[in-house]
Number of protein chains: 2
Amino acid sequence: MKRDSRLSVALHVLLHMAQRDTPMTSEEMAACAGTNPVVIRRTFAGLRKAGIVASTKGHGGGWRLGRALSSISLAQVQEALDETIIALGKAEEMPGCLVEQAVNAALDDAVDEARALLVRRLAAISLASVFGSIDTSKIPLAKDHHHA
Amino acid sequence: MKRDSRLSVALHVLLHMAQRDTPMTSEEMAACAGTNPVVIRRTFAGLRKAGIVASTKGHGGGWRLGRALSSISLAQVQEALDETIIALGKAEEMPGCLVEQAVNAALDDAVDEARALLVRRLAAISLASVFGSIDTSKIPLAKDHHHA
DNA sequence: TTTCATGTAACATAAATAGTTACATGAAGC
DNA sequence: GCTTCATGTAACTATTTATGTTACATGAAA
């Protein structure tokens with residue numbers, strides 16, 4: 001089963017957006033995500049509905065953050081994308097089969113618990129803290145500021 | 001993203017297999033899983049490699065458990081299926097981008113933790129315990145044994 | 001030596017996702 | 001007001017992945 005990387009992509013784009021003072025067009029976002037503008041607009045529509053970003057049409061328009069980085073948790077972004085977290089599903093081929101019911105009940109408990117844990121962890125991480133974790137020491141200086 | 005229900009299906013079939021004293025053909029297994037024999041043979045090849053089931057060719061052949069239900073954990077079956085657990089993946093569009101790296105590092109931690117929890121939970125559940133949880137009170141009696 | 005079942009390759013189908021084209025909507029600038 | 005630029009979204013195409021199917025070789029029992 002293929003994994004869904006929309007959350008990773010969305011977070012990446014959001015952090016680049018945070019570094020700008022002008023709105024970011026879907027074309028710029030697409031370039032930064034390695035995809036195309038329509039896919040971005042489609043994906044980010046969910047984030048807009050959640051208030052995480054806002055978009056404006058027309059000249060000088062584009063996308064900007066809807067609130068501060070510190071007020072956006074990874075869980076909120078995940079939720080807004082309506083992305084599946086746990087890949088394990090349950091079979092429902094034989095709705096009346098007690099064996100199938102017992103199997104699904106056993107799986108449900110474990111899966112729900114893991115999903116809840118992941119959501120808690122993602123809820124505890126803000127975009128601001130991810131932003132702060134960027135290792136700026138690796139960024140080559142644009143110009144030599146003759147440090148030291 | 002679509003969920004993968006192979007674990008649920010495999011567990012279901014294994015429990016039906018446990019209730020029999022003769023080998024179960026892939027055709028019977030397919031009927032019980034709502035799929036077809038080749039898909040079953042393909043899926044269960046992984047379980048055979050893990051020793052969870054054994055298969056024999058020829059007349060009277062088919063599939064049977066490789067060890068006792070109490071010695072098979074849900075985690076072992078999951079592992080044998082080589083099934084993805086967590087659906088969240090990471091983007092690697094811009095390998096050099098520090099922002100992308102920071103995002104993926106943040107996600108990795110949370111995802112790994114949730115995956116580990118789920119595996120622990122699945123490892124703690126044996127097929128025998130799932131078998132024991134089947135609610136036999138709901139099974140209609142085949143014939144009236146004039147109980148009471 | 002016939003029958004039955006697995007093992008597996010090769011191919012076909014189906015379903016989900018992503019990408020593309022096209023165009024309506026609306027906001028800025030001239 | 002008209003042009004330009006950007007979003008919003010529908011409709012379509014392409015790609016990818018998983019599933020289902022056909023075909024046939026292998027091997028064991030009767």
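So that the names make sense, note that chain A is the first sequence line, chain B the second, and so on, each numbered from 1. Please read these numbers as outputs of a predicted model, since none were measured by experiment.
- Nucleotide C:dA15 holds its P atom 16 Å from the CG atom of B:D4, rounded to whole Å.
- With A:S55 as the partner, the side chain to side chain donor-acceptor pair (under 3.5 Å) test is satisfied by one option alone out of A:R64, A:R48, A:R41: A:R48.
- Of the side-chain N and O atoms in B:R41, one or more sit less than 4.0 angstrom from OP1 or OP2 of C:dT6.
- Atom C1' of nucleotide D:dT19 and atom CD of A:E93 are separated by 12 Å, given to the nearest angstrom.
- The residue B:R48 sits close only to the backbone: its heavy atoms come under 4.0 Å of sugar-phosphate atoms, none of a base.
- Considering all non-hydrogen atoms of both residues, A:L88 and B:T84 come closest at CD2-O, 3.8 Å.
- Each of A:R42 and A:T56 was matched to the nucleotide of DNA chain D holding its nearest heavy atom; the match closer to the 5' end belongs to A:T56.
- Legend: side-chain hydrogen bond (donor to acceptor under 3.5 Å, both in side chains) pairs involving residues 101-119 of chain B, not counting sequence neighbours, sorted by first then second residue: A:S8-B:N104, A:R121-B:E113, B:K90-B:D108, B:D112-B:R115.
- Here D:dG20 is the nucleotide among D:dT17, D:dT9, D:dG20 with the atom lying nearest to any side-chain atom of B:V39.
- Along DNA chain C, the nucleotide closest to A:N36 and the one closest to B:A45 are compared, and the more 5′ of them pairs with B:A45.
- Between the CD1 atom of B:I40 and the P atom of D:dT19 there is a distance of 11 Å, rounded to whole Å.
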Can you pull every protein N or O that's under 3.5 Å from an N or O on nucleotides 25-29 of chain C?
residue	atom	partner	partner atom	Å
C:dT25	O2	A:K57	NZ	3.3
C:dG26	N2	A:G58	N	3.0

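- Checking C:dA18, C:dT6, D:dG8 against the side-chain heavy atoms of A:R6 singles out C:dA18 as nearest.
- Across the protein-nucleic acid pair, B:E27 atom CD and C:dA5 atom P stand 8 Å apart, rounded to whole Å.
- Nearest heavy atom pair, residue A:E100 against residue A:E93, reads OE2-N, 3.3 Å.
- One can place CE of B:M24 at 11 Å from P of C:dT6, the figure rounded to the nearest angstrom.
- Note on A:T25: every side-chain N or O is 4.0 Å or more away from OP1 and OP2 of D:dA6.
- Scanning all heavy atoms of the two residues, the minimum distance from B:V77 to B:A10 falls at CG1-CB, 4.2 Å.
- Of all the heavy atoms in B:L122 and B:S73, the pair that sits closest is O-CB, 3.9 Å.
- Taking atom CZ of residue A:R3 and atom C1' of nucleotide D:dT17, one finds them 15 Å apart after rounding to whole Å.
- To the nearest angstrom, P of D:dA6 lies 15 Å from CZ of A:R64.
- Separating the CE atom of A:M29 from the C1' atom of D:dA6 is a distance of 12 Å, rounded to the nearest angstrom.
- B:H12 and A:C97 get closest at one heavy-atom pair: NE2-SG, 3.3 Å.
- Listed nucleotides D:dA10, C:dA16, D:dG8 differ in distance to A:S55; the shortest reach to its side chain belongs to D:dG8.
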